Amino acid sequence: MNAITPLALLESAPVSLRSSDGLGWDGFAATLLGIRAGAYRVPAMAQHRVNVHVGPPVRMNCVCDGRRYSRIQAHGDADVIPAGVPGMWTDDADCRILRIAISDVFVRSIGEQVGAPAAQIAPHLQWRDARVHYLAAALGAELEAEDTSDALYAESLCTALVVRLLNSSREVAAAAADSARTLAPRMAARVIDYIEAHLHARLTLAELAAQAGLSVPHFNVLFRATLGVP
């Protein structure tokens with residue numbers, strides 16, 4: 001579940017420091033991994049993953065979901081990688097991550113319980129969310145505890161985590177839908193600049209729509225939604 005394939009230039013793979021194996025968790029698992037500085041290819045996996053950075057900050061570069069990111073990864077920052085999405089990470093120093101792997105069956109079960117059977121987990125990198133941090137830390141504490149709680153406790157934590165992930169995915173989808181119903185910022189600026197440059201001319205909708213590269217009806221709707229005026 002937690003296998004990571006290192007690049008050939010590395011001598012060793014990430015080391016599992018602690019694991020939920022043997023704790024009776026069903027449908028999800030947690031592993032504290034020690035990561036050596038360098039680059040790692042992470043293949044697409046059958047499970048959804050939440051990787052939470054633990055410890056001092058490190059500079060990280062990654063390519064995931066067709067996008068390239070470069071940032072400082074601080075304690076508590078989370079990367080959410082849906083099932084089936086590969087990636088490549090490069091760390092400039094040794095670090096640790098708490099990896100929480102969740103089966104799609106578990107996610108779909110929670111989705112049905114909260115009335116969102118079609119909801120999916122969306123990729124989310126360097127996510128600084130207090131609730132995700134708290135829930136992940138509580139699951140991580142179970143790995144270190146000498147007298148671990150009943151597996152039902154861990155299941156409740158993971159259930160709350162999945163609910164947060166699904167809610168966040170819906171929020172992202174809603175924001176994208178709202179953005180799709182308005183003019184893109186550059187497009188709006190181009191149209192406004194054209195209007196200001198031709199204030200004394202008799203402008204037509206066709207001319208303005210041409211600046212945006214849209215049909216007149218489509219442009220008319222988006223212009224009103226963006227600027228609040230026809």
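These numbers were taken from a predicted model, which means no experiment stands behind them. The basis for the numbers below is simple: all heavy atoms, side chains too, and nothing from hydrogens, waters or symmetry mates.
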Colleague: Is there side-chain contact between Y40 and P14, with at least one heavy-atom pair below 4.5 Å?
Modeller: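 Yes - at least one pair of side-chain heavy atoms lies under 4.5 Å apart.
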Colleague: For a 4.5 angstrom cut-off between non-hydrogen side-chain atoms, does E142 reach Y153?
Modeller: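 Of all side-chain heavy-atom pairs linking Y153 with E142, at least one is under 4.5 Å.
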Colleague: Write down the atom of R59, the atom of S70, and the distance for their closest heavy-atom approach.
Modeller: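 So the minimum-distance heavy-atom pair works out to NH1-OG, 3.8 Å.
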Colleague: Do other residues, nucleotides or ligands put more than 12 heavy atoms under 6.0 Å from the OH atom of Y134?
Modeller: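 12 or below, so no.
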Colleague: To the closest 0.5 Å, what do you measure between CG (L17) and OG1 (T31)?
Modeller: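 L17 atom CG to T31 atom OG1 measures 10.0 Å (nearest 0.5 Å).
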Colleague: Can you hop from L203 to I192 via hydrophobic side chains spaced under 4.5 Å?
Modeller: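 Both belong to a single hydrophobic cluster.
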Colleague: For a side-chain contact (heavy atoms from CB on, under 4.5 Å) check, start with the C-alpha distance between R71 and Q73, then their side-chain angles and the critical distance, and finish with the verdict.
Modeller: CA-CA 6 Å; R71 78 278 185 160; Q73 194 84 333; 3.0 Å; yes
Colleague: Between D104 and R49, is the salt bridge (Lys or Arg N to Asp or Glu O under 4.0 Å) condition met? List the steps.
Modeller: CA-CA 10 Å; D104 192 56; R49 287 157 287 152; over 6 Å; no
Colleague: Answer whether the closest heavy-atom distance between the side chains of F28 and S20 falls below 4.5 Å.
Modeller: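 No, their side chains stay 4.5 Å or more apart.
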Colleague: Give the minimum heavy-atom separation between A30 and L98, together with the two atoms involved.
Modeller: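 For A30 and L98, the tightest heavy-atom pair comes out as CB-CD1, 4.4 Å.
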Colleague: Looking only at non-hydrogen atoms, find the nearest pair between D92 and V58 and report the distance.
Modeller: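 That closest heavy-atom pairing would be OD1-CB, 3.8 Å.
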Colleague: Give, for atom CG of L33 and atom CD1 of I97, the distance between the pair rounded to the nearest 0.5 Å.
Modeller: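 Going from the CG atom of L33 to the CD1 atom of I97 covers 5.0 Å.
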Colleague: Apply side-chain contact (heavy atoms from CB on, under 4.5 Å) to V163 and V114, showing your working.
Modeller: CA-CA 8 Å; V163 170; V114 298; 4.0 Å; yes
Colleague: As an exercise, state the distance from NE2 of H133 to CZ of R131, rounded to the nearest 0.5 Å.
Modeller: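 Rounded to the nearest 0.5 Å, the NE2-CZ separation comes out at 14.5 Å.
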